[in-house]
Amino acid sequence: MRVRFVYPTVFAAVLSLYFTLLSLQPGPESNILGEWKEVSWEYEKVDSIPDSGFDYHLTDHIKSQLAESLIIHEAEVWKFVSDERLEMRGKSPTKSLQWKLKGRGNILQIQGANSATEHYQIQELSSDRMVLHFNFDMQVRGIVKMTFARINA
Amino acid sequence: MIRKYRNRTNRENMQLGALTAFSAGMVNVISVIIFFAFTSNVTGHFAILAQEVSKGNWYEALVVFGWIGLFFLGSFTSNFVVINVDKQRAYLAHALPVVLEIICLLIVGTYIQFFYKETLLETELMVGLMLFAMGIQNGLTATISNGTVKTTHLTGLTTDLGILVSMFSKKEYRQKPELQDKMRLLLTIMVSYIVGGVCAGYIYLTIAYNVFYIVCVFLLIVIGYDFYHTKVTTYLQEKRQPYYRKTIKDREPQLSNQ
């Protein structure tokens with residue numbers, strides 16, 4: 001009799017607490033909305049560190065070479081709009097793409113024209129800073145860390 | 001295959017292990033491809049939970065906590081059904097969790113095929129449902145095999161395999177039939193899981209979301225096998241009984257002492 005009472009009570013209590021806490025937290029889908037400016041492109045990880053003075057920043061030349069085959073090519077300002085539209089402004093004309101979040105909100109999927117899709121790992125997403133990791137295997141092998149600063153919400 | 005109401009043989013454990021591990025491997029790979037989240041194991045989710053808490057990402061931490069909770073709930077449900085359904089209906093008790101798992105996977109497959117808009121909420125719910133299904137499967141296989149067969153994750157299995165291989169370096173252990181049986185069982189589960197994952201990766205490229213229906217077919221084989229061996233065989237024996245009786249009746253009585 002006691003068990004019949006305890007089990008449903010504990011389940012109900014845990015569920016109520018869980019959904020209450022969940023409803024109080026802003027999700028990553030709302031956190032990401034707004035305009036973000038690219039601050040830096042760096043190597044997050046490399047196969048081996050040549051020497052202690054290794055510069056982790058990617059030069060503009062390497063960056064442009066890497067980005068050539070990417071949807072995000074030469075974009076400097078990323079604007080995430082609530083209807084899953086992503087506007088990219090930069091040296092090239094403004095592009096309108098589609099964005100979606102996957103996993104637990106840690107994967108950013110960007111879909112361009114002709115259904116090309118790219119995935120970026122959201123390493124950090126706060127009110128003023130966003131860090132994306134992008135894994136590629138082209139001229140240089142490693143993970144690229146892209147850091148953004150929020151321009152406006 | 002899923003019966004516990006008499007002593008299980010190693011062959012039955014291997015059959016159960018092979019089919020369910022194959023299904024789990026498929027589900028796990030397909031969930032990573034579509035949702036970018038693992039759904040057949042929770043060890044990684046515990047690590048992610050700790051990581052998200054340490055970063056202060058409370059929403060993500062709660063989502064992962066919910067997923068772990070659903071895996072737990074799946075295991076709870078399957079064992080709850082097994083121990084609470086009338087012992088006279090043992091087949092039903094063991095088949096019901098598999099039916100629940102099939103329903104969960106059918107819901108996921110159908111939803112993805114017809115309604116999925118790729119929103120984060122949908123992704124989180126689908127992953128949760130798949131973790132619930134895998135919790136059911138793991139709970140059931142562990143319950144009916146007395147903890148011998150666990151097919152949705154390979155951490156414990158790899159540990160056991162390492163221990164067994166080291167034991168086999170001594171002749172006295174190498175010759176023990178029960179250890180040989182265990183080795184066969186572990187290898188069967190491991191290979192089936194990997195093959196399931198590889199198959200899912202390959203066939204996803206051609207048949208996309210229909211992979212879920214294939215997993216359901218494998219699970220139907222699991223419950224169909226026992227249905228055949230318990231219900232159909234018993235039914236056929238009962239049907240044949242009048243014939244035997246009649247044959248015996250028509251014969252001349254023979255005295256054994258003659």
Side-chain angles (χ1 to χ4, degrees), chain A residues 3-4 6-8 10-33 80 82-86 97-111 115 117-135, chain B residues 28 30-39 42 44-77 79-81 83-84 112 116-128 130-132 205 208:
Chain A
V3 171
R4 278 189 183 182
V6 169
Y7 269 65
V10 170
F11 267 114
V14 170
L15 279 180
S16 322
L17 182 67
Y18 178 77
F19 283 110
T20 309
L21 288 172
L22 198 64
S23 63
L24 295 174
Q25 299 301 321
E29 272 183 328
S30 57
N31 286 347
I32 204 169
L33 295 179
F80 291 88
S82 57
D83 60 356
E84 294 182 342
R85 242 175 345 102
L86 171 61
L97 311 166
Q98 272 224 310
W99 68 274
K100 287 178 197 303
L101 293 182
K102 295 283 184 109
R104 55 184 189 281
N106 61 322
I107 304 288
L108 172 64
Q109 177 182 292
I110 297 177
Q111 202 165 27
S115 298
T117 307
E118 283 167 12
H119 295 103
Y120 300 83
Q121 191 167 349
I122 302 174
Q123 204 61 23
E124 188 186 327
L125 181 58
S126 61
S127 55
D128 55 351
R129 193 173 127 99
M130 176 166 71
V131 177
L132 300 181
H133 280 186
F134 179 58
N135 205 349
Chain B
N28 204 26
I30 214 69
S31 69
V32 171
I33 293 173
I34 301 173
F35 302 120
F36 291 84
F38 292 107
T39 52
V42 285
H45 289 311
F46 273 105
I48 291 166
L49 173 66
Q51 186 198 17
E52 297 293 8
V53 169
S54 67
K55 281 183 178 175
N57 295 337
W58 298 108
Y59 178 87
E60 287 86 344
L62 282 167
V63 168
V64 177
F65 179 79
W67 288 347
I68 294 169
L70 280 165
F71 191 88
F72 164 85
L73 196 64
S75 184
F76 172 89
T77 307
N79 199 55
F80 189 81
V81 170
I83 61 175
N84 280 288
I112 293 172
Y116 189 43
K117 298 275 187 293
E118 295 190 60
T119 64
L120 187 58
L121 181 66
E122 285 175 312
T123 302
E124 288 161 356
L125 290 174
M126 294 292 113
V127 170
M130 287 163 84
L131 274 158
F132 178 70
L205 298 172

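Residue numbering restarts at 1 for every chain, and letters A, B, ... go by the order of the sequence lines.
- With rounding to the nearest 0.5 Å, the separation of CD1 in A:Ile32 from CG in B:Leu120 is 10.5 Å.
- Of the atoms belonging to B:Ile34, it is backbone heavy atoms, and not side-chain ones, that fall under 4.5 Å from chain A.
- Neither the backbone nor the side chain of B:Val127 comes within less than 4.5 Å of any heavy atom of chain A.
- At most 12 non-hydrogen atoms from other residues, nucleotides or ligands lie less than 6.0 angstrom from CZ of B:Phe65.
- B:Glu60 contributes no side-chain N or O that, together with a main-chain N or O of A:Asn106, makes up a donor-acceptor pair within less than 3.5 Å.
- Heavy atoms of B:Glu122 lying under 4.5 Å from chain A are absent altogether.
- With values rounded to the nearest 0.5 angstrom, A:Arg104 atom CZ is found 4.5 Å from B:Ile48 atom CD1.
- Of the inter-residue distances, the one linking B:Glu118 atom CD with A:Lys102 atom NZ reads 4.0 Å to the nearest 0.5 angstrom.
- When side chains are defined from C-beta on, B:Thr119 counts as touching A:Glu84, because their heavy atoms get closer than 4.5 Å.
- Only the side chain of A:Ile107 comes within contact range of chain B, with heavy atoms under 4.5 Å apart.
- Residue-environment remark: CZ (B:Phe38) stays at or below the threshold of 12 foreign heavy atoms within 6.0 Å.
- Neither the backbone nor the side chain of A:Glu124 comes within less than 4.5 Å of any heavy atom of chain B.
- Atom CG of A:Leu101 is separated from atom OG1 of B:Thr123 by 9.0 Å, given to the nearest 0.5 angstrom.
- In this pair, B:Phe76 and A:Phe11 present their aromatic rings perpendicular. The plane angle is above 60°, beyond the 30 to 60° band.
- How far CZ of B:Phe36 is from CD of A:Gln121: 10.0 Å, rounded to the nearest 0.5 Å.
- Contact record, B:Leu62 with A:Tyr18: O-OH, 2.6 Å, taken as the closest heavy-atom pair.
- Panel note: side chain B:Lys55, backbone A:Gln123; a donor-acceptor pair is recorded below 3.5 Å.
- For a residue to count as touching a neighbouring chain, one of its non-hydrogen atoms must lie under 4.5 Å from one of that chain's; by this rule A:Phe19 does not touch chain B.
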